[in-house]
Amino acid sequence: MNTKIAILSIGMLVALASPCRAQRIEAKNQVLNVGQVMFRQPVVVEYELHNKSSHDISITNVRTSCGCTTVDYPEGYIHGDADFTVRATYDAKTMGHFEKQIGIYTTDSNEPLMLTLKGIVVDEVVDYTGDYPLTLGDLLVDMNNIEFDDVNQGDRPMAKIHILNNTDQTVQPIVMHTPGYIIAEVSPSKIRPGRSGVALITLDTRKIDDYGLTQTSVYLGRQPGDKVAPNKQIDISAVLLPSFNDLTEKELQQAPHILLSTTTLDLGPFNGKKKLKGEIEIQNVGKSQLDITKLQMFTVGLQVSLNKSKLAPGEYAKLKITAMERDLRLVRSPRVLMITNDPEQPKVVIEVKTE
């Protein structure tokens with residue numbers, strides 16, 4: 001191994017890249033998150049790399065974004081289609097979050113392969129002390145359902161799923177099938193047997209196109225390349241609301257206001273019936289037009305119809321709700337969601353009860 005490296009800024013690392021020849025080495029994981037690191041206790045990680053070309057190459061240079069990171073890499077030639085390892089050490093002399101870049105240059109290309117090492121330096125490692133009541137594949141977790149409630153455009157709320165490696169092998173958990181508005185990262189990247197980690201799930205509301213309810217499912221695998229399966233599923237929902245922060249006091253006084261006959265619709269027992277029906281009366285008691293822009297169901301098993309979505313001041317509308325016995329058997333809390341332009345109630349949730 002050779003540890004002679006150059007130190008450059010991230011911008012210089014990128015600027016030195018040449019677009020003429022694409023890099024022929026690849027990393028199994030270009031980003032490694034080591035999670036919590038004790039202050040002044042250097043942390044070492046290994047990047048598993050592969051020479052995907054058919055001929056021998058060698059590493060000509062390694063550049064890092066600061067002197068706090070040193071790198072060991074193979075000397076001499078790396079054969080075609082061969083695996084090799086690059087080891088990075090971070091000195092952990094600065095408290096707080098860190099994210100360091102490493103550029104690997106080879107004889108095959110002037111464009112570097114960029115690697116990232118990240119984590120957080122702490123003076124005391126804090127472990128999760130709660131329970132892990134749920135199983136996702138081979139891993140134990142504390143939750144498999146995330147609700148991002150009442151968020152506005154531009155928000156980036158985050159949720160945590162605590163993970164316990166209950167296997168006898170080191171795992172590298174990965175959150176699979178994430179849509180563009182979900183950012184998922186597991187810390188640390190590798191979890192040893194009997195140890196815990198956390199999956200950080202961030203909602204990027206800037207990438208959600210419309211107000212109201214958005215639902216999706218992602219999957220927790222034990223390693224990259226793991227297969228998607230129902231027993232690894234994590235359900236994620238978000239309710240994006242319009243913002244009325246820019247309204248003046250006068251505009252608020254002239255705003256619409258929604259009034260419902262009830263927000264809990266009790267339809268009673270099915271008693272052998274396949275369907276139950278109910279009705280809710282809606283009135284605009286404000287001073288300008290009320291717009292019901294979204295009408296959605298949180299779960300299956302409900303059908304809804306609204307005879308009018310725009311109500312002048314004083315005007316009424318009727319919301320009809322039908323509960324389907326067959327579909328509601330496995331539903332815990334059937335609910336209906338409305339999004340409105342009422343600054344005081346942009347979100348209205350109607351709970352539907354059956355016996």
Side-chain angles (χ1 to χ4, degrees), residues 26-38 41-50 52 72 82-90 92 97-100 102 115-122 124-148 158-179 182-203 216-237 330:
E26 59 184 1
K28 184 176 180 180
N29 288 98
Q30 288 185 237
V31 179
L32 291 182
N33 189 323
V34 294
Q36 299 179 83
V37 176
M38 285 293 293
Q41 293 188 14
V43 58
V44 180
V45 298
E46 290 188 347
Y47 294 90
E48 300 174 36
L49 278 68
H50 179 72
K52 60 183 180 180
D72 294 330
D83 297 325
F84 63 102
T85 299
V86 168
R87 182 181 297 113
T89 303
Y90 176 65
H97 290 273
F98 64 89
E99 183 170 331
K100 305 303 177 182
I102 303 165
L115 306 174
T116 299
L117 171 61
K118 61 196 304 186
I120 179 172
V121 178
V122 296
E124 181 182 0
V125 175
V126 179
D127 290 327
Y128 174 68
T129 57
D131 296 326
Y132 300 88
L134 304 171
T135 301
L136 292 182
D138 297 325
L139 306 173
L140 301 182
V141 297
D142 64 332
M143 63 187 301
N144 62 0
N145 181 67
I146 297 173
E147 294 185 0
F148 293 108
M158 184 182 70
K160 295 181 179 181
I161 299 177
H162 294 94
I163 304 168
L164 177 65
N165 178 8
N166 200 38
T167 74
D168 58 0
Q169 297 179 342
T170 297
V171 298
Q172 193 170 344
I174 182 171
V175 181
M176 304 176 292
H177 281 215
T178 55
I182 295 293
I183 303 167
E185 181 180 359
V186 177
S187 173
S189 298
K190 294 182 179 181
I191 305 176
R192 298 195 301 273
R195 302 299 294 272
S196 62
V198 61
L200 306 175
I201 310 296
T202 302
L203 174 72
T216 191
S217 294
V218 298
Y219 301 85
L220 182 66
R222 62 179 291 172
Q223 60 191 15
D226 204 353
K227 294 182 179 180
V228 169
N231 66 337
K232 304 172 186 177
Q233 181 172 313
I234 301 168
D235 295 321
I236 301 176
S237 66
L330 300 177

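Just so it is clear, the structure is predicted and the values come from calculations on it, not from any experiment. One is the number of the first residue; the rest follow in order along the sequence.
Salt bridge annotation for Lys28-Asp83: absent, with no cationic side-chain nitrogen under 4.0 angstrom from a carboxylate oxygen.
Counting all heavy atoms, side chain and backbone alike, Ser196 lies closest to Pro188 at O-CD, 4.1 Å. Shortest non-hydrogen contact noted between Asp226 and Gly221 is OD2-CA, 3.4 Å. For Pro173 against Ser189, the heavy-atom pair with the smallest separation is CD-O, 3.7 Å. Shown here for Met176 and Lys227, the closest heavy-atom pair between the two residues is CE-O, 3.9 Å. Ala92 approaches Met38 most closely through the heavy-atom pair CB-O, 3.8 Å. Closest approach of Pro179 and Val218 over heavy atoms only: CD-CG1, 4.1 Å.
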Determine, step by step, whether Ile146 and Asp235 satisfy the side chain to side chain contact (heavy atoms under 4.5 Å, CB included) criterion, reporting the C-alpha distance in whole Å, the side-chain angles of both residues, the deciding distance to 0.1 Å, and the verdict.
CA-CA 6 Å; Ile146 297 173; Asp235 295 321; over 6 Å; no
Would Thr135 and Val141 count as a side chain to side chain contact (heavy atoms under 4.5 Å, CB included) here? Give the steps.
CA-CA 6 Å; Thr135 301; Val141 297; over 6 Å; no
Before you tell me yes or no, could you show the steps for Asn29 and Gln172 under side chain to side chain donor-acceptor pair (under 3.5 Å), namely the whole-Å CA-CA distance, both residues' side-chain angles and the distance that decides it to 0.1 Å?
CA-CA 10 Å; Asn29 288 98; Gln172 193 170 344; 2.4 Å; yes
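Residues satisfying the ring-ring contact (aromatic ring centres under 6.0 Å, His included) criterion with Phe98, sequence neighbours excluded, are Tyr90. Partners of Tyr47 under the ring-ring contact (aromatic ring centres under 6.0 Å, His included) rule, at least two apart in sequence or in another chain, do not exist in this structure. Residues satisfying the salt bridge (charged side-chain N to carboxylate O under 4.0 Å, His left out) test with Asp138, not counting sequence neighbours, are Arg222. Applying the salt bridge (charged side-chain N to carboxylate O under 4.0 Å, His left out) rule to Lys118 yields the partners Glu99, Glu185; only residues at least two apart in sequence or on another chain are considered. Residues satisfying the ring-ring contact (aromatic ring centres under 6.0 Å, His included) criterion with Tyr128, sequence neighbours excluded, are Tyr132, His162. Applying the salt bridge (charged side-chain N to carboxylate O under 4.0 Å, His left out) criterion to Glu26, with sequence neighbours excluded, gives no partner residue.
Met143 pairs in a side-chain contact (heavy atoms from CB on, under 4.5 Å) with only one of the listed residues (Ile161, Leu136, Ile234), which is Ile161.
Proximity of Leu117 to Val34: side-chain heavy atoms (C-beta onward) are separated by under 4.5 Å at one or more points. A heavy-atom distance below 4.5 Å is not found between the side chains of Leu134 and Leu140.
Rounded to the nearest 0.5 Å, atoms CG (Asp142) and CD1 (Ile163) are 9.0 Å apart. Here Lys160 contributes atom NZ and Thr202 contributes atom OG1; the two are 10.5 Å apart, rounded to the nearest 0.5 Å. Residue His177 holds its NE2 atom at 10.5 Å from NZ of Lys232, rounded to the nearest 0.5 Å. Within the model, atoms CG of Leu139 and OG1 of Thr167 stand 7.0 Å from one another, a figure rounded to the nearest 0.5 Å. In this structure, OG1 on Thr170 lies 11.0 Å from CD on Gln223, to the nearest 0.5 angstrom. Atom CD1 of Ile102 and atom CD of Gln30 lie 11.5 Å apart (nearest 0.5 Å).
Listed for the Asn33 side chain is a donor-acceptor partner under 3.5 Å among the backbone atoms of Gly35. In this structure, Asn165 contributes its side chain and Arg192 its backbone to a donor-acceptor pair below 3.5 Å. A donor-acceptor pair under 3.5 Å links the side-chain atoms of Gln36 to the main chain of Val126, judged by distance alone.
Side chain to side chain, Gln233 and Ser217 meet the donor-acceptor criterion of an N or O pair below 3.5 Å.
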